[in-house]
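Below is one structure, written out as structure tokens; the observations come after it.
Only heavy atoms go into these numbers, but all of them, side chains included; no hydrogens, no water, no symmetry mates. If you're wondering where the values come from, they're calculated on a predicted model, not measured in any experiment. Residue numbers count from 1 along this sequence.
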Amino acid sequence: RTPYVIVQGELVITVDHAIVSPANEAVRFILTDTQDVLLQNIQPPNDQICANQPGQACNLGKKPFVVVGGKLVIQALPPSCPTWTKVQGTVLKKPVKDPDDFRLFRELPQECPVRGIHFIEEEFNNGIGKWKGRRGGAAYHDGEALRVTNRKLEWQGPWLDATRLRPEKCLLPDEEYLFSVRIKLDKADGSEHGQPTTCS
């Protein structure tokens with residue numbers, strides 16, 4: 001238990017347990033107190049880092065864990081433990097989105113010419129609608145997708161003029177909106193043409 005941890009040299013924490021779990025804990029820091037901690041009387045070569053602060057002391061706030069001119073080394077996993085894990089085992093072809101998952105999801109304003117909860121929605125099942133290729137990009141319907149070719153620069157992708165939808169009547173200032181898109185990427189060598197990838 002301590003009100004703060006300030007490292008001015010090297011702090012090394014090594015856990016060599018074969019199994020790392022809350023039941024097999026090696027080191028625990030419990031930060032206490034509710035007062036701001038002042039960093040002062042700092043040893044060289046970092047003795048000037050708070051020279052411009054009031055009283056030549058840096059306010060670290062409450063319960064700080066700070067490394068000042070030193071090094072923190074934590075080796076909490078044994079060398080045999082893999083450093084990665086698969087976070088998604090299955091890539092869905094058509095993910096299902098639940099509006100209830102989004103805290104600020106709501107109906108568009110009454111004065112908006114678009115009804116419902118989607119300001120812009122296009123599945124590209126029967127064409128590309130009002131979408132175009134931006135400034136030289138050629139857009140056309142390819143299966144159930146919008147495809148843009150003749151691209152010379154990275155910004156010559158899909159483009160839609162949303163002004164006809166009156167965004168000033170539909171989108172409110174300081175609100176959060178969900179933007180969702182599925183993308184197909186073809187390799188430069190032409191392989192995997194039109195195939196779904198994990199980048200979609």
T149 to R147 - nearest heavy-atom pair and separation: CG2-NE, 3.9 Å

Should side-chain heavy atoms under 4.5 Å link Ile, Leu, Val, Met, Phe, Trp and Tyr, which residues sit in the same cluster as Y140? none

Going by side-chain heavy atoms closer than 4.5 Å, which hydrophobic residues are tied to L72, directly or by a chain of links? V5, V7, L11, I13, V27, F29, L31, F65, V67, I74

Sequence neighbours excluded, which residues qualify as salt bridge (Lys or Arg N to Asp or Glu O under 4.0 Å) partners of K62? D36

Side-chain touch I6/L39, heavy atoms, less than 4.5 angstrom: yes

More than 12 heavy atoms of other residues, nucleotides or ligands under 6.0 Å from CZ of R1: yes or no? no

Partners passing side-chain contact (heavy atoms from CB on, under 4.5 Å) against E168 (at least two apart in sequence or in another chain): R166

Taking every non-hydrogen atom, the tightest pair across T2 and Y4: OG1-O, 2.6 Å

Should K130 and L160 count as side-chain neighbours, where that means a heavy-atom distance under 4.5 Å? yes

Specify the closest pair of heavy atoms between A57 and L38, including all atoms of both residues, with the distance to one decimal. CB-CB, 4.2 Å

Could you pull out the closest heavy-atom pair between R115 and P109, with the gap in Å? NH1-O, 4.2 Å

Heavy-atom neighbours of N52 CG exceed 12 at 6.0 Å: no

Rounded to the nearest 0.5 Å, what separation is found between the NZ atom of K63 and the CG atom of L60? 15.0 Å

Search all heavy atoms of A162 against all heavy atoms of I120 and return the closest pair with its distance. CB-CD1, 4.1 Å

With rounding to the nearest 0.5 angstrom, report the CG to NE2 distance, N126 to H141. 6.5 Å

Run the side-chain contact (heavy atoms from CB on, under 4.5 Å) test against Q48 and tell me which residues pass, sequence neighbours left out. A51

Within residues 40-76 or reaching into it, pairs that qualify as disulfide (SG to SG under 2.5 Å) - sequence neighbours excluded: C50-C58

Would you say L108 and L165 are hydrophobically clustered, going by side-chain heavy atoms of ILVMFWY under 4.5 Å? yes

So which atom in V73 and which in E10 form the shortest heavy-atom distance, rounded to 0.1 Å? CG2-OE2, 4.0 Å

